[in-house]
2 protein chains.
Amino acid sequence: MSDINVTNNDCQIDEEILFELADLFKVFGDSTRIRIMNLIADNELAVSQIAANLNMEQSTISQQLRVLRQNKLVRIRREGKQIFYALNDDHVKKIIQMGLDHILE
Amino acid sequence: MSDINVTNNDCQIDEEILFELADLFKVFGDSTRIRIMNLIADNELAVSQIAANLNMEQSTISQQLRVLRQNKLVRIRREGKQIFYALNDDHVKKIIQMGLDHILE
DNA sequence: TGAATATATGAACAGGTATTCATATAATAA
DNA sequence: TTATTATATGAATACCTGTTCATATATTCA
């Protein structure tokens, strides 16, 4: 009965989840991280290979890989001194694909 | 034949597109904008209504709505002094849904 | 026209974060 | 063990951006 509909609750998402969502998209919202994800979308790569591909400092890549790890977007496999990174699952790809759909329409 | 596979070109996305992608996800990577998008997901709302719902300054909402407009994520309809905002299309919802899938798994 | 209301926007400030350097940790080989 | 290579990380810096205030623009009504 209020003049402004402040209690609209149709089918909307819990506030707390929305903050988590923003945090997730924040991870996708950095060009270095997106380029890393694209690079390891089809085959795993070691940290040094990623750095070489993107022509960036190894420490920069490691810092960003940590962010991706913390958000469960990548998985790792150790092989001797090297650590190989790959996308954690296919729906990381799906998120990227959805973004592409918007851009390329 | 190089020791490091720098010329990997499987099925990957053009570099320039990747930067655009990051910029797009950057828009989703802010809690205020995500909350706005969630709010107008099912029905259009005027700026003042959005501000009231989120309990934030009108200018803050306007600034963020501009970002959403510039990225073609919302559409507007003028009705007298008020301007109603709605999500531009359903695949904005899909992007959000993909993010939810990742969080809620 | 002028007053009232709704929205937009420029400028400034504060908080956050991506990058880099230097260094630490970890694994391998000799 | 020591040397070498690969990766991780703490600290510092510089840049970016979300919010706010003040004000401008736009629409309606009297």
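To find a chain, count down the sequence lines: A is the first, B the second, and so on, and within it residues start at 1.
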What's the verdict on side chain to side chain contact (heavy atoms under 4.5 Å, CB included) for B:V47 and B:Y85, showing C-alpha distance, side-chain angles and the deciding distance?
-> CA-CA 7 Å; B:V47 179; B:Y85 281 80; 3.6 Å; yes
Atom pairs and distances, donor-acceptor, side-chain atoms in residues 94-105 of chain A, under 3.5 Å, two or more places apart:
unit_1	atom_1	unit_2	atom_2	d
A:Q97	NE2	A:D101	OD1	3.2
A:H102	ND1	B:H91	NE2	3.1
A:H102	NE2	B:N71	O	3.2

Residues which pass salt bridge (Lys or Arg N to Asp or Glu O under 4.0 Å) with B:R69, listed by chain and number, not counting sequence neighbours | none
Check the distance between D:dT19's P and B:N55's CG and give it to me in whole angstrom.
-> 13 Å
Report the residues that fulfil side chain to side chain contact (heavy atoms under 4.5 Å, CB included) with A:N55, sequence neighbours left out, ordered by chain and then residue number.
-> none
Which atom pairs link the protein and nucleotides 7-11 of chain C when you take only N or O atoms and keep those under 3.5 Å?
unit_1	atom_1	unit_2	atom_2	d
C:dT7	OP1	B:V47	N	3.3
C:dT7	OP1	B:I83	N	3.2
C:dT7	OP2	B:S48	N	2.9
C:dT7	OP2	B:S48	OG	3.1
C:dA8	OP1	B:Y85	OH	2.6
C:dA8	OP2	B:S62	OG	2.9
C:dA8	N7	B:Q58	NE2	2.8
C:dA8	N6	B:Q58	OE1	3.3
C:dG10	O6	B:Q63	NE2	2.9

Listed by chain and number, what are the salt bridge (Lys or Arg N to Asp or Glu O under 4.0 Å) partners of A:E57, not counting sequence neighbours?
-> none
Could you pull out all residues at least two apart from A:R75 that satisfy salt bridge (Lys or Arg N to Asp or Glu O under 4.0 Å)?
-> none
Can you name the side chain to side chain contact (heavy atoms under 4.5 Å, CB included) partners of A:A41, sequence neighbours left out?
-> A:L87, A:K93
By salt bridge (Lys or Arg N to Asp or Glu O under 4.0 Å) - contacts of B:E16 (at least two apart) | none
Compute the bend angle of the helix from C:dT1-D:dA30 to C:dA30-D:dT1 from the end axes (five pairs per end), rounded to 10°.
-> 20°
To the nearest angstrom, how far is B:R35 atom CZ from D:dG18 atom C1'?
-> 13 Å
Protein-nucleotide distance (B:R33, atom CZ; D:dT19, atom C1'), rounded to Å = 12 Å
What's the CD1-P distance between A:I34 and C:dA18, to the nearest Å?
-> 13 Å
Closest nucleotide of DNA chain C for A:G80 versus for A:M56: which of these residues is on the 5' side?
-> A:M56
Rounding to a whole Å, what distance do you find between A:Q64:CD and C:dG16:C1'?
-> 14 Å
Under the side chain to side chain contact (heavy atoms under 4.5 Å, CB included) rule, collect the residues that match up with A:Q70, sequence neighbours excluded.
-> A:R66
Distance in angstrom units between A:L45 CG and D:dT7 C1', rounded = 15 Å
Minimum heavy-atom distance B:L65-B:V74, with the two atoms named = O-CG2, 4.3 Å
Gap between atoms CD and C1', on A:E57 and D:dA6 respectively (whole Å) | 15 Å
Between the protein and nucleotides 14-16 of chain D, which nitrogen or oxygen pairs come in under 3.5 angstrom?
none

Side-chain donor-acceptor contacts of residues 24-32 of chain B below 3.5 Å, not counting sequence neighbours, with atom names and distances?
unit_1	atom_1	unit_2	atom_2	d
B:K26	NZ	B:D23	OD1	3.3
B:D30	OD2	B:T32	N	3.1
B:D30	OD2	B:R33	N	3.1

